[in-house]
Protein chains: 2
Amino acid sequence: MGALRLPSLSSIFTSSSSTTRCLRSPSIFRRHHRLRLPPRPLTAANLSAQSTAEKEVSPVTSEGANQKSRVQDRAITPRSQDFNAWYLDIIANAELADYGPVRGTMVIRPYGYAIWEAIQDYLNVKFKETGHSNMYFPQFIPYSFIEKEASHVEGFSPELAVVTIGGGKELEEKLVVRPTSETIVNHMFTQWIHSYRDLPLMVNQWANVTRWEMRTKPFVRTLEFLWQEGHTAHATLEEAEKEFTDETGQRQHVWQTSWAISTRFIGGIIMTHGDDAGLMLPPKIAPIQVVIVPIWKKDDERTGVLNAALSVNEILKTAGIKVKIDDTDQRTPGWKFNFWEMKGVPLRIEIGPRDVLSESVVISRRDVPGKQGKVFGISMEASILVAYVKDNNIVDVNSYNELKDAISQGKWARGPWSASDKDELRVKEETGATIRCFPFEQPEGRSKACLMTGNPAEEVAIFAKSY
Amino acid sequence: MGALRLPSLSSIFTSSSSTTRCLRSPSIFRRHHRLRLPPRPLTAANLSAQSTAEKEVSPVTSEGANQKSRVQDRAITPRSQDFNAWYLDIIANAELADYGPVRGTMVIRPYGYAIWEAIQDYLNVKFKETGHSNMYFPQFIPYSFIEKEASHVEGFSPELAVVTIGGGKELEEKLVVRPTSETIVNHMFTQWIHSYRDLPLMVNQWANVTRWEMRTKPFVRTLEFLWQEGHTAHATLEEAEKEFTDETGQRQHVWQTSWAISTRFIGGIIMTHGDDAGLMLPPKIAPIQVVIVPIWKKDDERTGVLNAALSVNEILKTAGIKVKIDDTDQRTPGWKFNFWEMKGVPLRIEIGPRDVLSESVVISRRDVPGKQGKVFGISMEASILVAYVKDNNIVDVNSYNELKDAISQGKWARGPWSASDKDELRVKEETGATIRCFPFEQPEGRSKACLMTGNPAEEVAIFAKSY
């Protein structure tokens, strides 16, 4: 049996659809005390990012960036220039994590922890659907357990944190802070598995583990990290039929599996998906999936714009989308765009006075920079807006075949359209898709040919399956 | 500032309503290996309960029960006879927990951990609704942090587990395995709070903590336990207005609170709610809220009964109720009744051939023993059954006023009824309740007077608000 090591992973995640209601704080237990706050100079000695309110004024610097050449108003070192500095800048500026007081340890801040929670929510559903039960094994393991298995001694000895004092006294047997739970899981399995009737045994635990790494980096390599570890024991059908019936009490074997995913994965997400503008989060694990930025200039525009933004916020929240309005008037819209792009929010909704009049919004994708990722004139009408936000994979199409491909992949198709109602009916009958809207703001550029007829088309239409 | 200690609590919990779909196991990472299982004599040296399949044959014994005098077929020491033995028997037989290999540590088994998860689900929703964010602080704390605060040294020194070796080397500064995170939280708060604009700061973490207890008992006192610890920092409105505007860099104070709930609470639930028959779980934290026991004698009854049980199972599962069918034919219904009572399942549904014919079920409450807690003739019709199971607080009423009271409290009212349709309409108009059913099996006993008219009544009816 070998040690449980961390895999390299590629995976997809789904979001938890939580709705927010208004309840009072549980008054379980409350102690009030006062904490003295010393004035704290902003240094690069730790990752602590400044408060949002201060960010624009003095961009935070971070450890490990040796060759920074920063553009004004940009706190993130370009990725191409210094990958390591870029990585640490993102973690600091997006407030994902901070250094703990012990070398190599990490505080996972709320924005970073929310990513981990989305991963947990996704996996917990999968684990339970497939018959696994969560449970918890103690983290202290007798040193002798590690010694029992040669591969464990070899693999983990240099990485162990060892408790030698407990309750003020030297311990008779040293205790290892788990680097993985395999040895203790196996110890317990032998107590629970008496025959094939106790199999399969499929358990999982969410826990912290400790490995005394010498070179550390937030998320990807820290002394302590969070993970889940799945441990299962199975009898093969053949083995089960052979036995475990004939209960002779002889030693038998079970088949075991182990698998894990950890907070290191978050480091991988940052590295894989980020760019010079900052973090880029897949929608399904993003703590904020949509940010709404209301835009107004004159005071008399303010109320209308804010009301529209609140209404859009409610629509999306009710649909289970994690949405946030940034309605502070201490920041310009441009600053907000940059800030939320840096935080990796997948979709931005802009609402200005013109949008209020046309009852539509502008939606920008984080993963498609500039105008290319920007769509104007999406209706505020709940069903259209929600459908668009939930599936914003709009594909530009120029022919009916391309449209059919896009729809069959569950995407939306946007293309020039000047065909008849009869043609639209044909599209519906053959693909299930109907015209969801003619965007108010049409793309500029060369004249277009209708995707269906080839005739000149004044407008593009967006097709999607009905919900 | 003082140390965070554990409160005594009384609280209510709600369940997570999870639906089950059929997905395949994630093939994230898989290692196969074989574990040798030694033949294991059943001893009292640890809490390991036997597998369900073996329980009837040889009742498990457990540590700490000195004066047991067991009735045949009963594995639980009577509570009145030996409270401690009773407590340990429940933990062993209901498979809530087991001893870990290190003295004073505990393995929380799936059935026990599911109770903790229900508590987590409930609190996480509350915490987030009230503006708290989850995050994670590292568990290793420099020894100097503990020494900084006199109350911590005094309170925790005798309870500390101390890491002195890391990566094979003696550490320069010893590390404490957190007994609570207050010192490290405060250390980080000073880095994050620069002015009143950073307040309130309201965070929570789910974590394991370690206290070197000398006398231990599963759940209530173990070296390591799981908890959540909430930590918040607030500026009062007055203080905020005074400042934090005048940024002189002087030391300022913030108001802090801390609160916690831990797995110790599960020990409290066992002690508070259990009885001689075993565990008794409040529905909102029960891993299984309803168990269905199909009952048949003849082979030709089997299919009909099992199909009805499966149908009831689907109805309840769809309604978000945690339900389980016990359809093994290796156990008698009586054995199953005792077993699931011992496991503390709040409601039992019995379905026999007669019930199939009348399209109804029999429902028994765990918390009301014997016939008193048993209601016959509840319709299998989905809306009636779900409503009954979700709110099985049926109140027996003998007058219209009592009926009105029960309905206004959201309960069901059961009472003698021989009044007219017009009277029923009046009840509906005045209380919103209608007759849900006339139970097939009517309570025996003395003749009854209609709760509305006072005339003799042949039957009792159950009233409830429509859904």
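To find a chain, count down the sequence lines: A is the first, B the second, and so on, and within it residues start at 1. Remember, predicted model here, so these are calculated numbers, not experimental data.
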Chain B contact via A:Q205 - which portion, at a heavy-atom distance below 4.5 Å: neither
Ion pair A:R178/A:E229, N-O distance below 4.0 Å: no
Heavy-atom pairs under 4.5 Å with chain B, option from A:N204, A:I165, A:I141 with the top count: A:I165
Side chain to side chain contact (heavy atoms under 4.5 Å, CB included) between B:V107 and B:Y99, intermediate numbers included: CA-CA 6 Å; B:V107 177; B:Y99 291 126; over 6 Å; no
B:E117 portion near chain A, given a 4.5 angstrom heavy-atom threshold: side chain
Option in A:P287, A:A114, A:P142 with maximal non-hydrogen atom pairs under 4.5 Å from chain B: A:P142
Criterion side chain to side chain contact (heavy atoms under 4.5 Å, CB included) on A:W212 and B:L171, from CA distance to verdict: CA-CA 11 Å; A:W212 208 266; B:L171 299 178; 3.5 Å; yes
Donor + acceptor pair across side chains of A:Q191, B:D98 (<3.5 Å): no
Interface moiety of A:T210 toward chain B, non-hydrogen atoms closer than 4.5 Å: side chain
Segment of B:L223 engaging chain A (4.5 angstrom heavy-atom cut-off): neither
Aromatic ring proximity A:W206/B:Y113, centre distance under 6.0 Å: no
From CA spacing to verdict: side chain to side chain contact (heavy atoms under 4.5 Å, CB included), B:I108, B:W116: CA-CA 9 Å; B:I108 306 178; B:W116 182 237; 5.7 Å; no
When A:T105, A:N134, A:V102 are compared by non-hydrogen pairs under 4.5 Å with chain B, the top option: A:N134
Part of A:L160 within contact of chain B (heavy atom distance under 4.5 Å): backbone
Interface residue of largest heavy-atom contact number with chain B, from A:S133, A:G168, A:G167, A:A207, under 4.5 Å: A:G167
Choice from B:T222, B:N208, B:T263 maximising heavy atom contacts with chain A below 4.5 Å: B:N208
Parallel, tilted or perpendicular: rings of B:W259 and B:F127 (30°, 60°): tilted
